[in-house]
Number of protein chains: 2
Amino acid sequence: MSPTQHASWQRLRALAESWRKLHLRQVFERDPDRATRMTASAVGIHLDYAKNSLDQEVLDALIELAKDCDLAGQREAMFTGQRYNLTENRAVLHTALRQQTDAPIVVDGDNVLPHVRAERTRCYAFAESVRTGHWRGHSGQTITDVVNIGIGGSDLGPLMVCEALAPLADGPRLHFVSNVDGTHLSQTLKRLDPARTLFVVASKTFTTIETLSNARSARAWLVEALGSESAVARHFVAVSTAREKVTAFGIDAHSMFGFWDWVGGRYSLWSAIGLPIMLALGGARFDELLAGAAEMDEHFRAAPAERNLPVLLGLIGVWYVNFLGHSSHLLAPYNNTLRRLPAWLQQLDMESNGKTVHRDGSPVDHATGPIVWGEPGINGQHAYFQLLHQGSQIVPVDFILALSQRGQLDSHLPTLVANCLAQSAAMMRGKTAEEVRTELTARGMSAGDIETAIPHRVFPGNRPSNTLLIDALSPHRLGALLALYEHKVFVQAAVWNINAFDQWGVELGKQLASDIENRLKGNEGKQYDASTEALIALAAAQIERH
Amino acid sequence: MSPTQHASWQRLRALAESWRKLHLRQVFERDPDRATRMTASAVGIHLDYAKNSLDQEVLDALIELAKDCDLAGQREAMFTGQRYNLTENRAVLHTALRQQTDAPIVVDGDNVLPHVRAERTRCYAFAESVRTGHWRGHSGQTITDVVNIGIGGSDLGPLMVCEALAPLADGPRLHFVSNVDGTHLSQTLKRLDPARTLFVVASKTFTTIETLSNARSARAWLVEALGSESAVARHFVAVSTAREKVTAFGIDAHSMFGFWDWVGGRYSLWSAIGLPIMLALGGARFDELLAGAAEMDEHFRAAPAERNLPVLLGLIGVWYVNFLGHSSHLLAPYNNTLRRLPAWLQQLDMESNGKTVHRDGSPVDHATGPIVWGEPGINGQHAYFQLLHQGSQIVPVDFILALSQRGQLDSHLPTLVANCLAQSAAMMRGKTAEEVRTELTARGMSAGDIETAIPHRVFPGNRPSNTLLIDALSPHRLGALLALYEHKVFVQAAVWNINAFDQWGVELGKQLASDIENRLKGNEGKQYDASTEALIALAAAQIERH
């Protein structure tokens, strides 16, 4: 069933009419108390959502819509291990990876928790052996550098967390190679000592072509440098479930760490895919990351909608996408170490909700996932924020700022904080012609020049945003923040009645790529459209010449 | 005057009606020759634009629109040094920074070329002295690491070029610090030896608060480590025009490199702002970069519209933004070292064209700049490409692939190329229910399961894209590619009749930030909306506690 069939949807459409004409500046003038009401907190994260183009009436209707769409029932189906990912006939249990209690979660008659914890114990033990120098390379030296080879969910999650918590890192240096473009690997290896480098090859099936190409080239580099095939077992481990392929590669079966089909790639950093995080930070900090996420899980599961952070963020997003027509969403983290958070969320959100059929296969009659993008906010201020302030489209923003972090430099902090708060204020209120006139008059500009200047210097305002203030950028809070966004994405999928946990949209490209690669190597293959044929010919000729 | 007043605009609106109903697959079936016609090349860059939702009739109308908007006249006004940036009463002459001929360009009665070349000679000489080890640090050691401190245009351009050409780098290691969040600086300095580190402080006015905060903290770190204020002159240089502020900081006036008010920040990598590039790669390669850009400038200035790469890309973009309603644009570079190209273009495009008043101050009655975003394409395939294939909005894509680069690894190249070409083919053609049925039947799936699966596995296709194949990722070709996008942005601004060269939209945030920073430090200041006031109070209390 489409959410558009619910009375609450129709009600929201009607409400949107008047909100298209309202300016947030007026809204605040009429009801300053909204700032007090429109906040919610959980797990050290304070959400201020007062600067959004909505009020209690809209929020009530959105919460009604969530009820109509059985958000609560869908949520329980996920948490309790039902086959919620119905197109792949799988449970969806990344939350089990971080569950702190022992309440069993049963899939196919089997409690998954003991498996989760046993595998995590293996990962921690391995990470610890590398971190303490107990694990040695082929020539007896300790490991100083780890290269994670993976792509998509096997890259973005661990990379983002390692960056986010870099000031706390006390293990080997981490590097991430994902692109099959050989420069990614060759530039990374340039500065590494093979005798002291460990490779983590992350591919569930051990067939991902980008990852395996990089793994094979890394293997060749290592074997050539260390002079022996037997070095592979001391310098390569795998995060995979394909035992035969892994051992054929030369990796010891004891050095293979697994996960389960109910962990989607983009939700996998909590599993063995997080091995790079454990190597960089240690098991204790990984435990904190999990605990923070679990606390957010509990909040999501238990808190009433009007105080539930993922529900609020999700519904506000639905309001913008479906009723006010804003098709993109900006994530503006102000902490520099969160600079890869947007790329991680981009995968999480767009791969989950970039769908156009309902769970039952009927075509959607409403917009779904927005484009999610972003760069650190303060850099954005010196770049693309121009369009946010004065461009022709409205982009709802999440401002994210953690107020404490190791290495933050006390003298810089007020500037960082002030800029973050100033942007949301500026976007909301704007600047009127009268304000510009007053300012330029005070600067002594002539009346004629002022009138010419005004239209260029007016800010329309009425640009909505959320602000998330986090008390500290600790592993615990980061875990909570990531779980918050995971569940936000879930909420939207539940309302849209789409399956957030499959990704059929990546299949076609893979098929064609394998076929075209054959063509480029001079073999026979399918014929494509005339443009693709011409490009294949042109590229093949150039590759030949190398 | 608004472009919507032209007959060509109305004609395009009419044409768009039918294009909304056409599928590119049909279009190719009816007219396969379009693949031959719809290509253009310049400076080693081959553009295939056949996979766009347009034909010759649309293209003719777009070219007519460009004529109606006096694109050619506006272009000449820029190249010849007219005060084309009229809201700031300045010429726009980044092209003069790379001009290869001696044809004078006169601003205020003065030929700018001798100044450009003299300053570049100074930059090259300094870079060479560092690269050869002639320039020594305070304790007599050579420089191994350079930290560029700048933000916006003083960061994104040089950073992107240094990354793009990293396999050719043979100078000191480059680092870039931009975010005022202290972790950016402290994490960078962690691994550096003060005695062998050089800082380039890039700020035209030497007042940019983020840059100066970082510069002051870097200075304190250096002075503490080297034990003397006099060390500053051997470890800091400036790219700036504020001589007094620079020398007060402790930088020698001879170590200050300047540029001019007719170089906008986002167009400044060709000036002394490119000093990090010169340090990493040397003057000869910087010369190649300039020469490639200059060749593209000549192409843009002279080639007929139908073979003019920037004109084509610009007009195709106008078609999508204004007539088919696509509000974002994805840049998908396949070469890994181009990974920061989207961030650079994001600033270039969104800061230039995120405007809603015409040059004369009248409000626009049409959409302007799109949201520009992107991550390396092959990573995108494992992430957000799901939405591109099966989501509810259409995102036009530029696929960018250079077919040769040092360090590319021959064995990886066919995979990289195949993936790039496969994606544009898949997006264009899609996959029909019948194709899915045939495929799943061949795999032995039951008829009932097949019908359930089909809607989830169908790809609607009809997703448009450009493909840019570049013969090699050399400095010369990179220069051409960057100039191509600079001029693409220019073309769109010329059609929209907006000023692409000011950025008033960044001012308000700066004013408020300075004011709120005062408040956070416990001083009096303006009152804000209730939400901002609450956030200020919350943040101030936390900062206090540190």
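Residue numbers begin at 1 in each chain, while the letters A, B, ... track the order of the sequences.
Heavy-atom pairs under 4.5 Å with chain B peak, among A/Glu351, A/Arg429, A/Glu451, at A/Glu351. Your options are A/Gly152, A/Ala540, A/Ser186, A/Ala383, and the one with the most heavy-atom pairs under 4.5 Å with chain B is A/Ala383. When A/Gly377, A/Ala166, A/Ala472, A/Ser154 are compared by the number of non-hydrogen pairs under 4.5 Å with chain B, A/Ala166 comes out ahead. The most heavy-atom pairs under 4.5 Å with chain A, out of B/Ser514, B/Pro32, B/Ala343, B/Ala426, come from B/Ala426. The choice from A/Thr208, A/Val395, A/Val372, A/Asn214 that makes the most heavy-atom pairs within less than 4.5 Å of chain B is A/Asn214. Interface remark: of the candidates B/Glu533, B/Lys355, B/Gln187, B/Arg339, B/Gln187 forms the most heavy-atom pairs closer than 4.5 Å to chain A. Of the listed residues B/Ala539, B/Ala50, B/Ala534, the one with more heavy-atom pairs under 4.5 angstrom with chain A than any other is B/Ala539. Per-residue heavy-atom pair counts under 4.5 Å with chain B were compared for A/Thr368, A/Thr415, A/Leu416, and the maximum is reached by A/Thr415. Counting heavy-atom pairs under 4.5 Å between each of B/Leu185, B/Asp181, B/Leu512 and chain A puts B/Asp181 at the top. Contact count versus chain B (heavy atoms, under 4.5 Å) is highest, among A/Leu156, A/Leu409, A/Leu508, A/Thr356, for A/Leu508. Of the listed residues (B/Leu520, B/Thr337, B/Val321), the one with the most heavy-atom contacts under 4.5 Å to chain A is B/Leu520. Among B/Tyr334, B/Tyr49, B/Phe385, the residue making the largest number of heavy-atom pairs under 4.5 Å with chain A is B/Tyr334.
Under the 3.5 Å distance criterion, the side-chain polar atoms of A/Gln393 are matched with a main-chain donor or acceptor of B/Ser327. Between the side chain of A/His412 and the main chain of B/Val180, a donor-acceptor pair closer than 3.5 Å is present. Listed for the A/Gln408 side chain is no donor-acceptor partner under 3.5 Å among the backbone atoms of B/Gly182. A donor-acceptor pair under 3.5 Å links the side-chain atoms of A/Gln390 to the main chain of B/Gly505, judged by distance alone. Remark: the backbone N or O of B/Ile151 is not paired with any side-chain donor or acceptor of A/His382 at under 3.5 angstrom. Side chain of A/Ser352 to main chain of A/Asp349: no donor-acceptor pair is present (N/O by atom type, distance under 3.5 Å, no hydrogens or angles). The main-chain N or O of B/Gly354 is found under 3.5 Å from a side-chain atom of A/Gln386 such that the two form a donor-acceptor pair. Listed for the A/His184 side chain is no donor-acceptor partner under 3.5 Å among the backbone atoms of B/Asn336.
Contact annotation for B/Arg406: only backbone heavy atoms (N, CA, C, O) come within less than 4.5 Å of a heavy atom of chain A. At a 4.5 Å heavy-atom cutoff, the contact between A/Phe459 and chain B is made by side-chain atoms alone. The parts of B/Val417 that come within reach of chain A are both its backbone and its side chain, each placing non-hydrogen atoms under 4.5 angstrom from that chain. Neither the backbone nor the side chain of A/Ala453 has a heavy atom closer than 4.5 Å to any heavy atom of chain B. Within the 4.5 angstrom heavy-atom criterion, atoms from both the backbone and the side chain of B/Ser213 approach chain A. In this structure, chain B has a heavy atom under 4.5 Å from the side chain of A/Met428, while its backbone stays farther away. Heavy-atom distances place the backbone of B/Arg359, and not its side chain, under 4.5 Å from chain A. Only the side chain of A/Leu469 comes within less than 4.5 Å of a heavy atom of chain B; its backbone N, CA, C and O stay farther away. The part of A/Ile209 that comes within reach of chain B is its side chain, from C-beta onward, which places non-hydrogen atoms under 4.5 angstrom from that chain. Contact of A/Pro376 with chain B is made through the side chain alone, with heavy-atom distances under 4.5 Å. When heavy atoms are compared at a cutoff of 4.5 Å, B/Gln423 approaches chain A solely by way of its side chain, counted from C-beta outward. Heavy-atom distances place the side chain of B/Ser411, and not its backbone, under 4.5 Å from chain A.
A/Asp529 and A/Thr532 share a donor-acceptor pair across their side chains, judged by distance under 3.5 Å alone. For the residue pair B/Glu439 / A/Gln511, a side-chain donor-acceptor distance below 3.5 Å is found, with atom types taken as modelled. Residues A/Ser178 and A/Glu210 bring no donor and acceptor atom of their side chains to less than 3.5 Å of each other. With 3.5 Å as the limit, one finds no donor-acceptor pair spanning the side chains of A/Asp48 and A/Thr467.
In this structure, B/Trp373 has its ring center at least 6.0 angstrom away from the ring center of A/Tyr384. Ring centers of B/His366 and B/His358: under 6.0 Å apart, within the cut-off.
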